[in-house]
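Naming: A, B, ... by sequence-line order, numbering from 1 per chain.
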2 protein chains.
Amino acid sequence: MTVTIMDVAERANVSKATVSRVLNDQGGYSEKTKRHVLKAIEELEYNPNAVARSLTNKKTHTIGIVLPDLISSLTTNFLNEIEAVAHKAGSSIIVCHTESKGAKTMKYLKLLHEKRVDGIILASTILQKEYYDYIEKTKIPIVLLSTDSEYPVSSVTADDYAAAYMATKYLIQQGHKKVGMISGNKEEWVAGNHLPRVEGFKTALLDHKLSANEDHVVYGRFSCEDGATGLTKLIGQVPGLTAIFTENDEIGMGVLSAAYQLGIKVPEDISVIGMDNVKFCEFLNPPLTSVSLSHSEMAEKAANLIFEMIESNKAVKKNYIVSHRVVERQSVNSL
Amino acid sequence: MTVTIMDVAERANVSKATVSRVLNDQGGYSEKTKRHVLKAIEELEYNPNAVARSLTNKKTHTIGIVLPDLISSLTTNFLNEIEAVAHKAGSSIIVCHTESKGAKTMKYLKLLHEKRVDGIILASTILQKEYYDYIEKTKIPIVLLSTDSEYPVSSVTADDYAAAYMATKYLIQQGHKKVGMISGNKEEWVAGNHLPRVEGFKTALLDHKLSANEDHVVYGRFSCEDGATGLTKLIGQVPGLTAIFTENDEIGMGVLSAAYQLGIKVPEDISVIGMDNVKFCEFLNPPLTSVSLSHSEMAEKAANLIFEMIESNKAVKKNYIVSHRVVERQSVNSL
DNA sequence: TTTATTAACGTAACCGGTTACGTAAAAGTC
DNA sequence: GACTTTTACGTAACCGGTTACGTTAATAAA
């Protein structure tokens, strides 16, 4: 049916070994036979079978990405960047979407191992002991993207604590004294990096001699809707509230939207700063000030790292922390 | 190194054929040997090699998705939905990002064939003759997602013409007489469905005895920035403009943002209707009225269709058109 | 001219599974 | 008890490549 290396060999009157050699530029054949082989390939429209090749080579030129439900622009950021790097490295990516369910993650890891991917990027997912053990056993190179871990594995992360601290400090420097935070789900196992964010927020407040207790933070999940409900809740909990730090831009967007509906003016009545500096920040009304975590950069680093690990098959382990900065727009007032 | 079916066979004192049989529940072995085999698998932590399996089975349980640069929420919509369906069908997805470059598309098609994917979903990409010929030759099942084609291939699309017509008619019915459109790039080969959108727009105008010439349409690319520049341009080109139809929500978002910056009130001064009904519409200020194209539904249908085609390996060809409707929010005023 | 070296291949084993076919033992039939 | 059928396997070929090794012919060296 489909044409194989054997067909090419026969038509070119050589052995399949020779065909394989010219295919891989390995030398060991004359110019003339090379031409013959190439001609046969051309005529038969031969397309090598990567599956067969992978079997002997023990390399699939495929890496797996597993990620939970994320803000769409984050997912896209990650995926785009990783895919671009992978493509340059001559590899493809299999994406696995875990829907925030732990069980599915383990299933996916097994699946990816079955498919013999060359490496795995695990994004925004806490590395459970179970996962770690499995990865250790299978020896698949792995890098964590946007999560740290207690286990010795490569990772590319942002310093969430410091970033949150910076966001909060920025608000304080603009003169705000009553500031609240809207966070993701307390129990949420995804991302797993909101606790540092809450800590950074509180510490910044405390460091500047401002009060900071649990009333100052409101928990939701990770979406726009939470911004809306969070806003009213927060206003109730902290009297005289003038500024809000939202754990991510999507929540920030929700706050902006809710404020608009409630007739609360941003930034005149209340200032908002988000986090992630996602693309749409610029186009919100008002444009959302946000602390940039350069997700693209993270993803790119993670992708490069995984290929580095794959190539030098020594067990290199590296941990990168990308920088952050606040990008000022118009959602924060100075008092 | 890694444990193979042979290792299992030896430990269980059977042939690898038998191991394979119990692995695939094929019968032809006693309960006792089954237990032995299972025990050996357990003890050795055997994990079958999908690559080897694919080689004989001629099935990789992998499908390829190729898509160009899209609005991130669209991409995510597509990917999520397709991945979910694929996962249920026991398959994985390889995503290929063409960055709106035609050359890359062909490369990806070849790559996917090399990797012997079971099927391909080609999203928002015009099916060039070259692609079609290649697909025909390789006999890979393919379905087009969000693009039609002159060639006989399966597809799941929206009726862009009708949807644009509906959007425009909606504006007219709200009393608008001077309405303009901001479209994507005229020459853009991606999406390929903006021409019908422009046509739908113009026809709706004409059908209601309103003027519609090329001045009423402004072309950009597909992003927020185009909304911003498009707005000022359009205001210049059509005097007395009261409403704008944007080819997609991202442009719509850009218009909203630009209007805010320019002090133009939406919808009081100018009404805006978008297209796609992407998630963030609800959270814009004001919330953006948009005609819903149910992309999730499209993606799901496309995914189901591709697996249907893969299973019944007859060359089934089906063409679905999903419905559309305008979802009213607050960006359109009635005069 | 004879011998050593190298170039240009072919042969066959291997990667890790699946499966058609053959066979011995167990079970069923008369 | 002899014969047929069924069960429970093992053997070996196969999927489509890669590669170690062996062989022959051409070329270089002596």
Side-chain angles (χ1 to χ4, degrees), chain A residues 1-38 40-41 44-62 90 110-111 113-118 138, chain B residues 1-38 40-41 44-62 90 110-118 138-139:
Chain A
M1 197 68 28
T2 57
V3 14
T4 75
I5 200 174
M6 205 43 205
D7 301 324
V8 175
E10 278 168 14
R11 179 176 257 258
N13 277 318
V14 295
S15 72
K16 53 185 206 161
T18 299
V19 177
S20 174
R21 281 189 273 257
V22 337
L23 235 42
N24 299 303
D25 264 332
Q26 287 184 306
Y29 45 81
S30 70
E31 268 305 310
K32 196 171 63 170
T33 58
K34 176 176 176 183
R35 274 201 310 277
H36 287 163
V37 169
L38 258 25
I41 288 177
L44 296 174
E45 295 181 319
Y46 168 70
N47 179 279
N49 183 327
V51 177
R53 191 175 272 170
S54 294
L55 186 56
T56 32
N57 285 346
K58 288 157 175 334
K59 263 213 153 199
T60 52
H61 294 282
T62 306
K110 286 195 174 139
L111 179 78
H113 177 222
E114 247 186 71
K115 297 221 167 167
R116 297 297 190 265
V117 295
D118 300 333
T138 56
Chain B
M1 194 69 26
T2 57
V3 12
T4 76
I5 199 173
M6 204 45 205
D7 300 325
V8 176
E10 277 168 14
R11 179 175 256 258
N13 276 317
V14 295
S15 73
K16 54 185 206 161
T18 299
V19 177
S20 174
R21 280 189 273 257
V22 337
L23 235 43
N24 299 301
D25 265 331
Q26 287 185 307
Y29 45 81
S30 69
E31 269 305 310
K32 195 170 66 171
T33 56
K34 177 177 175 180
R35 274 201 309 278
H36 286 162
V37 170
L38 257 25
I41 289 177
L44 296 173
E45 294 180 322
Y46 168 69
N47 180 280
N49 183 326
V51 177
R53 192 176 270 170
S54 295
L55 186 56
T56 33
N57 285 346
K58 287 158 177 333
K59 265 215 152 198
T60 51
H61 293 281
T62 306
K110 286 195 173 139
L111 179 77
L112 290 174
H113 177 223
E114 245 187 72
K115 297 221 167 167
R116 297 297 189 265
V117 295
D118 300 333
T138 55
K139 304 213 184 303

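- Here the side chains of B:Leu23 and B:Ile41 are in contact, with some heavy-atom distance below 4.5 Å.
- Nucleic acid contact for A:Val19: none, since no nucleic acid atom lies under 4.0 Å from a heavy atom of the residue.
- When heavy atoms are screened at a 4.0 angstrom cut-off, B:Ser30 is found touching the sugar-phosphate backbone but no base atom.
- Among C:dT11, D:dT18, C:dT19, the nucleotide with an atom closest to any side-chain atom of B:Ser20 is C:dT19.
- For the atom pair OG1 of B:Thr2 and NE2 of A:His113, the computed distance is 7.0 Å after rounding to the nearest 0.5 Å.
- Side-chain polar atoms of A:Thr62 and B:Lys115 form a donor-acceptor pair below 3.5 angstrom.
- Separation of atoms CG (A:Asn49) and CD1 (A:Ile5) is listed at 10.5 Å; rounding is to 0.5 Å.
- Contact annotation: A:Asn57 side-chain N/O to D:dG17 OP1/OP2 distance is not under 4.0 Å.
- B:Lys59 has its NZ atom 15 Å from the P atom of C:dT18, to the nearest Å.
- At a threshold of 4.5 Å between non-hydrogen side-chain atoms, the residues A:Glu10 and A:Met6 count as touching.
- Using five terminal pairs a side, the axes of the helix from C:dT1-D:dA30 to C:dC30-D:dG1 at its two ends make an angle of 40°, given in steps of 10 degrees.
- Considering only heavy atoms from C-beta on, B:Val14 stays 4.5 Å or farther from B:His36 through its side chain.
- Here B:Thr33 lies in heavy-atom contact (under 4.0 Å) with sugar-phosphate atoms only.
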Next on the checklist: Could you go through B:Asn24 and B:Arg53, starting from their C-alpha distance and side-chain angles, then the distance that decides it, and tell me whether this counts as side chain to side chain contact (heavy atoms under 4.5 Å, CB included)?
Outcome noted: CA-CA 11 Å; B:Asn24 299 301; B:Arg53 192 176 270 170; 4.2 Å; yes
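- A 4.5 Å side-chain heavy-atom check between B:Leu38 and B:Arg35 finds every atom pair outside the cut-off.
- The interatomic distance linking B:Gln26 (CD) with D:dC9 (P) rounds to 14 Å, in whole Å.
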Pairs under 3.5 Å (N/O, protein and nucleotides 14-16 of chain D):
{"unit_1": "D:dC15", "atom_1": "O3'", "unit_2": "B:Lys58", "atom_2": "NZ", "d": "3.1"}
{"unit_1": "D:dG16", "atom_1": "OP1", "unit_2": "B:Lys58", "atom_2": "NZ", "d": "2.9"}

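- D:dA8 atom C1' lies 15 Å from atom CG of B:Asn13, rounded to whole Å.
- Remark: P of C:dG17 and CG of B:Leu23 are 8 Å apart, rounded to the nearest angstrom.
- With contacts defined as side-chain heavy-atom distances shorter than 4.5 Å, the pair B:Asn47/A:Arg116 qualifies.
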Item to check | Derivation and outcome, side chain to side chain contact (heavy atoms under 4.5 Å, CB included), residues A:Thr18 and A:Ser15 | outcome: CA-CA 5 Å; A:Thr18 299; A:Ser15 72; 3.5 Å; yes
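- Note: B:Leu44 CG to B:Thr4 OG1 = 9.5 Å, rounded to the nearest 0.5 Å.
- The CZ atom of B:Arg21 sits 14 Å away from the P atom of D:dT7 (whole-angstrom rounding).
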Checklist entry - For every nucleotide of nucleotides 22-28 of chain D, 5' to 3': is a protein heavy atom under 4.0 Å from its base (B), only from its sugar-phosphate (S), or from neither (-)? => result -------
